[in-house]
Amino acid sequence: MSEVLYSEGDLKKVVAELAAAIAADFMGHSVLLLGLLKGCQPFLADLCRQLSYHQLNVAVDYLLVSSYVGSSSSGKVVIKQLSVDESFCRQRNVIVIDDIFDTGLTLQKVTAWLQAKGAAQVKSCVLLSKSGCNQTEMVPDYCGVEIPAVFVVGYGLDYNEKYRELPYIKVLAENEISA
Ligand code: IMP
Ligand code: MG
């Protein structure tokens, strides 16, 4: 049996709190929310809606980033820019949006990549952060909730491209691994 960690209602509250924190810090400034595909999708959509309730205007763009194979990180982070505008992040206040912070290698690589492309400032917002897994000096600027070092799926998070569609987050059960 899989263990539901966060229900739809729990997630809604967490996202609303993150939006309130971001809106308080960035009110009156232009912000580019940069989602890391594919896992950011439901989180970013809900976060945008919550930010609109605070009248914070945001632009949205995406990077396609991958590092995971099955349920373990390959440690090799690959970034693909999707915007046709080469200078899309130059002199912008960028908030990188990711589903989960694990080893930190993704955020480290994306942050350096954005700084090299001339972003004015790079902040980060993650829905989940796994305790005790960080292999870097990175700390997410906005973090929804800390979870233990378990493999989770749902609400955008996948295992071999499965489970992204679930409206809640659950721990992947033993019998679902390689199923
Ligand atoms: P990091 O580079 O190790 O911090 O990993 C970040 C990326 O790994 C996330 O954007 C996810 O795509 C993936 N990831 C890490 N942990 C999990 C998990 O528990 N479930 C699904 N994907 C995960
Ligand atoms: Mg991801």
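Here the structure is a predicted model, which is why all the values come from computation and not from measurement.
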**Request:** Quick one: list whatever passes side chain to side chain contact (heavy atoms under 4.5 Å, CB included) with R49, sequence neighbours left out.
**Result:** A45, D46
**Message:** To the closest 0.5 Å, what do you measure between CG (N134) and CD (Q108)?
**Reply:** 8.5 Å
**Asked** If every non-hydrogen atom of G156 is compared with every non-hydrogen atom of D99, which pair is closest and at what distance?
**Response** O-OD2, 4.4 Å
**Prompt:** Taking the side chain from D141 and the backbone from S124, do they hold a donor-acceptor pair closer than 3.5 Å?
**Reply:** yes
Going by atom type alone, with no hydrogens or angles, which donor-acceptor pairs under 3.5 Å involve a side-chain atom of residues 12-21 and a protein atom two or more places apart or on another chain?
none

**Donor-acceptor under 3.5 Å (S52 side chain, Q55 main chain)** = no
**Item:** Close side-chain approach of V96 and L107, heavy atoms under 4.5 Å
**Value:** yes
**Prompt:** Hey, does V171 have a side-chain heavy atom less than 4.5 Å from the side chain of L5?
**Reply:** yes
**Request:** Look at the side chain of K80 and the backbone N and O of V65, then say whether any donor-acceptor pair between them is shorter than 3.5 Å.
**Result:** no
**Asked** Once the angle between the rings of F26 and Y142 is folded into 0 to 90°, is it parallel (under 30°), tilted (30 to 60°) or perpendicular (over 60°)?
**Response** tilted
**Straight-line distance of Y168 OH to Y163 OH, nearest 0.5 Å** = 10.0 Å
**Asked** Can you check whether V77's main-chain N or O pairs, donor with acceptor, with K109's side chain at less than 3.5 Å?
**Response** yes
**Request:** Evaluate side chain to side chain contact (heavy atoms under 4.5 Å, CB included) for Y62 paired with S83, printing each intermediate quantity in order.
**Result:** CA-CA 7 Å; Y62 299 94; S83 172; over 6 Å; no
**Asked** What closest approach, in Å, do C125 and L47 show between heavy atoms, and which atom pair accounts for it?
**Response** SG-CD2, 4.3 Å
**Message:** Determine whether Q135 and T103 satisfy the following criterion, side chain to side chain donor-acceptor pair (under 3.5 Å), listing intermediate values before the conclusion.
**Reply:** CA-CA 5 Å; Q135 297 175 13; T103 63; 5.0 Å; no
**Prompt:** Does the side chain to side chain contact (heavy atoms under 4.5 Å, CB included) test come out yes or no for D98 and T106, once each step is laid out?
**Reply:** CA-CA 9 Å; D98 205 3; T106 300; 4.0 Å; yes
**Request:** Any chance you could measure N57, atom CG, to S30, atom OG, to the nearest 0.5 Å?
**Result:** 9.5 Å
**Complete:** Here the gap from T111 atom OG1 to M138 atom CE, rounded to the nearest 0.5 Å, amounts to 3.5 Å
**Message:** Walk me through whether V152 and Y6 qualify under side chain to side chain contact (heavy atoms under 4.5 Å, CB included).
**Reply:** CA-CA 10 Å; V152 289; Y6 294 100; over 6 Å; no
**Prompt:** Once you round to the nearest 0.5 Å, how far does CD1 of I95 lie from CG of L32?
**Reply:** 9.0 Å
**Request:** Mind running side chain to side chain contact (heavy atoms under 4.5 Å, CB included) on V94 and Q121 for me, showing each step along the way?
**Result:** CA-CA 6 Å; V94 182; Q121 64 170 321; over 6 Å; no
**Prompt:** Counting N and O atoms only, with roles assigned by atom type, does the side chain of Q81 sit under 3.5 Å from a partner on the main chain of D85, one being a donor and the other an acceptor?
**Reply:** yes
**Asked** So with a 6.0 Å cut-off around CD of E165, is the heavy-atom count from everything else above 12?
**Response** yes
**Message:** Using the salt bridge (charged side-chain N to carboxylate O under 4.0 Å, His left out) criterion, which residues pair with K170? Sequence neighbours excluded.
**Reply:** E176
**Prompt:** Is the closest side-chain heavy-atom distance between L11 and F43 below 4.5 Å?
**Reply:** no
